[in-house]
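Notes follow once the structure below has been shown.
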Amino acid sequence: MTERGFQLFPDQASSFAPRVDALYTFLVIVSAFFTLLIFLAIVFLAVRYRRSAVRDRKRRVGAKFWVLEAVWIVIPLALTMIMFLWGAALHFDQRIMPRDAIELNVVGKQWMWKIQHPQGRSEINELHVPLGRPILLRMISEDVIHSFYLPAFRVKMDVLPDRYHALWFEATQPGVYHLFCAEYCGTEHADMRGFVYVMQPSEYATWLAGGEQQPPVTAGEALFTRFRCDTCHYQGGQPRCPSLANLFGQPVRLSDGQIVSAEEQYIRESILNPAAKVVAGYQPIMPIYEGQLSEEQVFHLIEYIKSLSVMPPETGQPAPVEEPAQGFPADEENRDG
Amino acid sequence: MHLHVVPKSTYFIVAGCLFALMVLTVGAAQFDLGMWNTPIAMAIALAKATLIVLFFMHVRYGDPLLQVFAAGGFLWLIILLGLTFADYLTRR
Amino acid sequence: MDEEAYPRRNYLNADYRFRSWLWTTDHKRIAILYMISVTLFFFIGGAAAVIFRLELMTPRGDLTIAETYNRLFTLHGVIMVFFFLIPSIPAVLGNFVLPMMLGARDLAFPKLNLASWYIFMIGGLMAVGAIVAGGADTGWTFYSPYSSLYSNSNVILMALGIFVAGFSSILTGLNFIVTTHTMRAPGLTWFRLPLFVWSLYATSLIMVLGTPVLAITLLLLAAERGLGIGIFDPALGGDPILFQHLFWFYSHPAVYIMILPSMGVISEIVACFSRNRIFGYTFVAFASLAIAVIGFLVWGHHMFVAGGSIYAGMVFSFLSMLVAVPSAIKVFNWTATLYKGSVSLETPMLYALGFIGLFTLGGLTGLFLATIAVDVHVHDTYFVVAHFHYIMVGGAVMGYLGGIHYWWPKITGRMYPEWWGRLSAGIIFIGFNLTFFPQFVLGYLGMPRRVHEYVDEFQVLNVMSSAGASILGVGYLIPLAYLIWSLRYGRLASANPWGATGLEWRTPSPPTTYNFDKTPVVREEAYQYDQDELLSV
Amino acid sequence: MSAPVAASAGHVAHHFDDAEQQYASAELGMWLFLATEVLFFGGVFCAYAVYRYWYPEAFAEGSHHLDLPLGTVNTAILLLSSLTMALAVRAAQTSEQRAIVRNLGFTVLLGLGFLGIKSYEYYHKFEERLVPGPNFVTRHPELAQQPGGESRYPPPAEVKEEPRYKLSSTAELFFSLYFVMTGLHALHMVIGIGILGVLIVAAVRGAFSAAYFTPVEMTGLYWHFVDIVWVFLFPLLYLIH
Ligand code: HEA
Ligand code: HEA
Ligand code: CUA
Ligand SMILES: [Cu+2]
């Protein structure tokens with residue numbers, strides 16, 4: 001199934017693929033036209049005005065000169081503007097993340113991709129996705145810059161250390177396609193590749209059930225206890241620490257007056273290097289967790305913190321808080337972690 | 001080329017202005033002027049640099065070509081900063 | 001004019017001692033020094049390409065291991081860009097003909113010119129030293145944090161080699177600008193200058209204004225790697241993307257350092273071999289400046305998927321589109337120059353026409369890359385590799401070879417063998433397209449660059465590409481052979497074998513040390529080809 | 001006070017037509033060189049601007065660890081040296097041999113004074129472990145006795161009651177930039193002092209006069225440029241609120 005014969009054109013397996021290919025076709029036509037135009041003009045003129053030919057060689061270009069120059073300035077300019085607008089509009093769709101996507105966590109490291117699904121199953125250098133659902137990959141690197149690349153889907157995004165980048169697509173053709181690392185990342189860069197499997201939703205569900213791992217939320221909850229986060233951040237307890245309930249997605253006022261939105265990037269930074277952005281009204285007493293948590297563990301903690309927000313179904317956005325939400329599930333069994 | 005000898009007094013006056021500006025910038029930094037501290041400090045630095053360029057470096061008396069090249073370096077620096085910040089200011 | 005054949009005393013035989021070459025301040029001799037060094041570097045870079053093209057014949061890594069492969073393409077990119085293409089036309093052909101085109105006896109700062117060559121060689125030796133010591137494996141782009149914190153190779157020495165060579169580039173550019181401003185012969189106004197001078201002027205502006213930023217960037221990189229002074233280190237809060245901004249602020253304009261001089265050569269050749277004034281002279285002249293200036297505003301198109309702001313991406317995409325317009329102006333005006341000309345297809349003209357075609361295709365594929373949504377797919381694939389080889393090898397190197405052939409009689413006083421010249425121009429054209437056209441297809445299929453192993457279905461196209469590369473390699477060896485041969489056995493050249501205009505052709509071939517006995521006075525526009533008279537030449 | 005320069009044939013190189021062309025070339029060349037210098041420093045200024053935009057607090061903290069009085073004194077020294085340099089050029093233009101040597105001498109002394117103070121500051125930073133790298137204070141929790149010492153890697157479950165972040169880890173970026181910027185500036189000073197030394201020797205031999213003072217004038221341009229760099233570095237590094 002992974003064998004593929006000689007091809008001249010890549011598979012079209014995502015909702016982006018036909019749209020990118022249409023733009024590409026336009027570009028190919030424009031290029032072919034101009035390349036041929038120039039090529040034929042050169043051949044024609046070089047033959048017609050070859051030195052041995054007897055021709056009228058008195059150039060009389062008066063007003064025509066300006067017309068010509070204007071023509072070959074304006075037409076290319078207009079064509080490039082079409083390319084720009086078309087490409088930019090399509091790119092907006094590529095970079096504006098859908099609300100209802102399945103969110104997967106991706107960690108790149110020299111030289112493998114580690115991917116975890118919300119239900120807990122994780123995989124290496126393989127990516128299983130259901131057909132016809134938007135998929136959002138939240139990606140981070142443990143070391144150098146990598147780039148997550150799915151040619152059949154026409155999507156690619158660099159994966160940087162210490163920073164989340166997101167990528168989304170919606171698969172439209174079942175099958176097996178290539179997954180590459182596109183950014184040079186060291187010795188085995190060529191080997192940092194794998195496959196993406198596009199499955200029917202039902203197959204995907206079965207496949208998900210095949211894994212034994214804990215879902216990220218549960219894992220995060222356990223970490224929350226193990227790393228003693230709960231000693232400070234528990235509901236109605238420590239007045240010196242902010243509540244994490246309904247934090248996700250909300251604006252947070254910082255001690256320097258700035259207002260930031262509590263997205264994944266902010267929460268990650270708040271855990272690993274809390275001093276960088278201190279919440280207004282609190283002292284910077286939270287310990288620094290950098291160097292103690294793996295990127296996967298940070299992902300888990302974030303999932304857990306997200307789960308503390310009440311999500312109205314479908315929107316995927318936390319609801320505005322009216323009253324303090326229920327406290328943390330302070331299971332006694334987790335307490336001694 | 002014409003040799004332009006600037007009177008000594010001009011140099012002393014310019015130097016006096018430079019010292020005054022230096023005192024001013026240190027003084028201004030002692031007060032919390034909110035977001036204005038940095039712009040003020042930069043404006044003063046720019047004023048000092050302009051004085052040096054115009055008088056000590058004789059650009060005021062030089063020919064226009066030199067003035068273009070003297071400005072060129074700074075212009076390109078603005079390109080570098082401007083387009084780099086086009087990224088940083090609009091990142092999410 | 002034929003009577004003044006090989007002058008008894010000229011710059012070549014003025015002094016035979018070795019010393020007289022190493023301490024020369026004659027721009028023509030320095031040009032020769034550059035020509036030798038640059039040729040050497042080209043073949044070093046080419047040899048690396050030969051090896052890794054062989055490796056890419058099969059999908060597995062059977063010829064080289066990953067470490068070797070990565071060092072090879074880094075070597076190839078660094079050497080070809082910084083030690084071959086950037087100095088090639090400016091420092092060889094520009095150095096040789098610029099003062100003559102201006103009617104000057106030398107560049108404004110002859111000692112500085114010699115110093116540039118020494119600085120260049122020191123930088124080159126450092127880079128070669130880095131290679132001999134095991135090479136660097138970062139790619140020519142040196143992206144941090146891989147280069148600063150992770151790579152186990154000679155990154156610092158390599159980077160500092162480029163840093164040093166950068167100063168040579170700065171000094172050359174500075175020299176050219178000053179010379180063009182202050183040393184023009186009486187009557188030689190700006191709009192009477194040959195277009196080669198305009199393009200060198202534009203190139204020099206980029207060298208002077210861009211290279212320092214590369215220098216400081218590489219210095220910061222070396223400091224981060226060698227001294228642990230974190231600047232881009234994300235663990236300290238640094239931003240790896242900042243490195244990319246600084247790197248491309250130079251390195252995008254640098255691609256115009258590589259192409260603009262070539263465009264200037266093409267203007268000279270096309271005018272001469274179609275016996276016509278360049279169509280739209282002023283447009284072509286200002287297009288050079290426009291490219292140089294707009295070229296500074298587009299660097300972010302290398303970073304569309306790096307994770308910066310999408311709005312900045314749009315701005316950079318838009319500006320990249322604009323830079324295509326002056327390039328288009330040039331292409332159309334060159335083509336129009338043939339109209340009602342008297343075209344003859346000697347070797348330089350073959351290269352020039354090849355340039356126009358291949359540059360057009362290379363440039364147009366640049367627009368694919370500047371179109372953001374398409375670049376998301378083809379970024380860091382072989383599509384990019386094909387794009388820039390079309391421009392750099394199909395364009396710039398063709399222009400360089402065309403220029404070498406065109407001015408060869410002036411430089412050496414002897415003609416190259418015409419038949420061999422045409423033959424190898426043909427071989428290079430065919431080999432080139434066979435090598436790099438399949439890479440467009442590979443890139444759109446999704447083959448990433450900088451890989452020594454790839455998936456099986458890409459093999460057919462890779463084999464085609466490797467086959468083309470071997471043809472191309474042969475194509476490059478032929479000129480090397482016959483040009484050396486012609487030094488001794490070539491027909492003696494007259495002062496103006498092509499019947500060209502331009503002050504350089506008013507000197508004997510080869511010129512005397514001070515070029516002109518008395519400063520020439522210019523009374524006419526450039527490219528005043530009077531066809532009726534010249535037809536008989 | 002304008003007078004055409006007397007063409008003194010002795011100083012015109014063979015490839016120039018006259019002294020005027022030669023002088024114009026030198027001047028243009030020097031300004032181009034300074035433009036490259038602007039962009040050379042411009043690269044670090046760009047990095048500085050980005051990080052200061054990102055980490056205003058860390059930069060303010062870092063700035064407070066610099067010695068403002070010494071920085072101010074150094075600024076004064078450099079401004080003064082620019083004055084003496086300008087006077088030296090003027091003396092050359094008016095052929096006042098003694099004044100040339102004297103003013104160049106002052107300039108060198110002031111330059112050395114600046115470097116002396118700068119090295120003292122460096123030494124201090126070294127003692128305080130504010131030199132970026134593996135020894136930087138924030139990388140060493142055990143240096144708790146250091147005011148402002150803070151660890152990037154504290155023991156996991158440790159919960160301290162006091163605010164402990166006197167210096168955040170991003171302050172290291174500030175010090176990286178501080179050392180790179182002032183280091184490059186100091187390097188330019190060292191080179192400038194070297195050139196001035198050569199000029200003094202030549203001036204003592206009476207090389208410069210109204211007929212030929214290009215080297216003095218060009219060195220002057222360079223020296224003023226280095227001064228201008230400092231004029232910007234001073235508020236950017238020492239005066240952050
Ligand atoms: C000499 C070298 C050279 C030149 C001149 C160019 C010219 C151009 N380049 Fe290229 N480029 C490189 C060398 C060069 N490039 C290199 C080395 C890389 C890769 C670096 C790396 O990552 O290692 C690269 C990468 C590169 C990228 C990044 C790709 C990626 O990594 O994802 C982009 C994106 O926009 C790009 C665009 C362009 C554009 C728009 C032009 C334009 O200037 C082209 C303009 C020319 C024309 C348009 C043709 C003439 C026009 C006509 C005949 C008329 C018809 C015109 C119209 C219809 C408009 N280039
Ligand atoms: C001026 C610039 C220039 C030039 C002239 C060339 C010339 C060539 N390049 Fe170049 N190339 C680059 C600039 C250039 N390249 C850059 C910047 C990169 C990116 C590097 C990076 O990713 O960092 C690159 C990358 C690059 C790749 C991608 C590697 C990868 O990503 O994995 C490939 C693959 O085919 C390639 C091929 C070639 C070939 C076949 C030639 C041919 O034209 C070469 C022809 C010359 C010869 C063949 C020499 C002839 C000599 C002999 C035959 C003698 C042989 C002697 C011995 C073996 C002892 N180049
Ligand atoms: Cu990871 Cu390339
Ligand atoms: Cu570019």
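Only heavy atoms go into these numbers, but all of them, side chains included; no hydrogens, no water, no symmetry mates. Residue numbering restarts at 1 for every chain, and letters A, B, ... go by the order of the sequence lines. Quick caveat, the model's predicted, so the values are computed rather than measured.
Of the two parts of C:Phe73, only the side chain, counted from C-beta on, holds a non-hydrogen atom closer than 4.5 Å to a non-hydrogen atom of chain A. Proximity to chain C is absent for every atom of A:Arg48, based on heavy atoms less than 4.5 angstrom apart. Contacts between A:Arg95 and chain C at a heavy-atom distance below 4.5 Å involve the side chain alone, from C-beta outward. Only the side chain of C:Val325 comes within contact range of chain A, with at least one heavy atom under 4.5 Å from a heavy atom of that chain. Proximity to chain C (any heavy atom under 4.5 Å) is restricted, for A:Leu160, to the side chain, taken from C-beta onward. Only the side chain of A:Phe180 has a heavy atom closer than 4.5 Å to any heavy atom of chain C. For a residue to count as touching a neighbouring chain, one of its non-hydrogen atoms must lie under 4.5 Å from one of that chain's; by this rule A:Val155 touches chain C with the backbone only. Residue C:Thr141: no heavy atom, backbone or side chain, is found under 4.5 Å from chain A. Looking at C:Tyr143, the atoms closer than 4.5 Å to chain A (heavy atoms on both sides) all sit in the side chain, from C-beta outward. Proximity to chain A involves both the backbone and the side chain of C:Ala336, based on heavy atoms less than 4.5 angstrom apart. Both the backbone and the side chain of A:Glu183 come within contact range of chain C, judged by heavy atoms closer than 4.5 Å. Only the side chain of A:Leu37 comes within less than 4.5 Å of a heavy atom of chain C; its backbone N, CA, C and O stay farther away. Contacts between A:Asp158 and chain C at a heavy-atom distance below 4.5 Å involve backbone atoms as well as side-chain atoms. Heavy-atom distances place no part of C:Tyr69 under 4.5 Å from chain A, backbone and side chain included. Residue C:Tyr146 touches chain A through both its backbone and its side chain, counting heavy-atom pairs closer than 4.5 Å. No part of C:Ser151 comes within reach of chain A, as not one of its non-hydrogen atoms sits under 4.5 angstrom from that chain. For A:Asp93, no part lies near chain C; criterion is any non-hydrogen pair under 4.5 Å. Proximity to chain C is limited to the side chain of A:Arg163, based on heavy atoms less than 4.5 angstrom apart.
Side-chain contact between C:Phe318 and A:Met81: present, with at least one pair of heavy atoms (C-beta onward) separated by less than 4.5 Å. Using a 4.5 Å heavy-atom threshold, the side chains of A:His189 and C:Asn70 count as separate. For the pair C:Phe368/A:Val30, no side-chain contact is recorded, criterion being any heavy-atom separation below 4.5 Å from C-beta on. Using a 4.5 Å heavy-atom cutoff, the side chains of A:Glu69 and C:Phe279 are in contact.
Per-residue counts of heavy-atom pairs under 4.5 Å with chain C were compared for A:Leu8, A:Leu77, A:Asp143, A:Leu79; the largest is that of A:Asp143. For the options C:Thr360, C:Thr365, C:Asn333, C:Asp137, heavy-atom pairs under 4.5 Å to chain A are most numerous at C:Asn333. The most heavy-atom pairs under 4.5 Å with chain A, out of C:Gly313, C:Gly280, C:Ala328, come from C:Gly280. Contact count against chain A (heavy-atom pairs under 4.5 Å) is highest for C:Arg277 among C:Arg277, C:Met303, C:Gln459, C:Arg71. Chain C forms more heavy-atom pairs under 4.5 Å with one residue of A:Pro76, A:Pro161, A:Gly186 than with any other, namely A:Gly186. Each of A:Ala41, A:Ala32, A:Ala46 has some count of heavy-atom pairs under 4.5 Å with chain C, and the biggest count is that of A:Ala46. Comparing C:Met447, C:Glu453, C:Met314 by heavy-atom pairs within less than 4.5 Å of chain A, the highest count is held by C:Met314. When each of C:Val331, C:Ile65, C:Leu322, C:Val374 is checked for heavy-atom pairs under 4.5 Å with chain A, C:Val374 comes out on top. Here C:Leu445 is the residue among C:Leu364, C:Leu345, C:Leu445 with the most heavy-atom pairs under 4.5 Å with chain A. Interface summary for chain C: among A:Asn273, A:Val28, A:Leu167, the most heavy-atom pairs under 4.5 angstrom belong to A:Val28. Comparing A:Ile75, A:Val144, A:Val159 by how many heavy-atom pairs each has under 4.5 Å with chain C, the most go to A:Val144. Ranked by heavy-atom pairs shorter than 4.5 Å toward chain C, the options A:Ser52, A:Ala88, A:Ala53 are led by A:Ala88.
Among all heavy-atom pairs drawn from C:Gly139 and A:Tyr184, the shortest one is N-CE2, 4.5 Å. Nearest heavy-atom pair across A:Met157 and C:Val305 is CE-O, 3.6 Å. Taking each heavy atom of A:Gln110 and C:Tyr150 in turn, the nearest pair found is OE1-CD2, 4.1 Å. Considering every non-hydrogen atom in both A:Ile38 and C:Ile356, the closest pair reads CG2-CG2, 3.8 Å. Heavy atoms only, all atoms of each residue included: A:Ile145 and C:Ser144 are closest at CD1-O, 3.5 Å. Considering all non-hydrogen atoms of both residues, A:Lys156 and C:His379 come closest at NZ-O, 2.5 Å.
At most 12 heavy atoms of other shown residues, nucleotides or ligands fall within 6.0 angstrom of atom OH in C:Tyr311. Within 6.0 Å of CZ in A:Phe39 there are 12 or fewer heavy atoms belonging to other residues, nucleotides or ligands.
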Derivation and outcome, side-chain contact (heavy atoms from CB on, under 4.5 Å), residues C:Val451 and A:Arg193: CA-CA 11 Å; C:Val451 295; A:Arg193 59 179 199 226; over 6 Å; no
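In this structure, C:His377 has its ring center closer than 6.0 angstrom to the ring center of A:Tyr149.
Here C:Ile329 contributes atom CD1 and A:Ile73 contributes atom CD1; the two are 4.0 Å apart, rounded to the nearest 0.5 Å. Between C:Leu369 atom CG and A:Leu27 atom CG the span is 10.0 Å, to the nearest 0.5 Å. Between the CH2 atom of A:Trp72 and the OG1 atom of C:Thr335 there is a distance of 8.0 Å, given to the nearest 0.5 Å. Rounded to the nearest 0.5 Å, atoms NZ (C:Lys340) and CG (A:Leu45) are 11.5 Å apart. Separation of atoms CD (A:Gln94) and CD1 (C:Ile310) is listed at 10.0 Å; rounding is to 0.5 Å. Note that the OH atom of A:Tyr24 and the CZ atom of C:Phe383 stand 5.0 Å from one another [nearest 0.5 Å].
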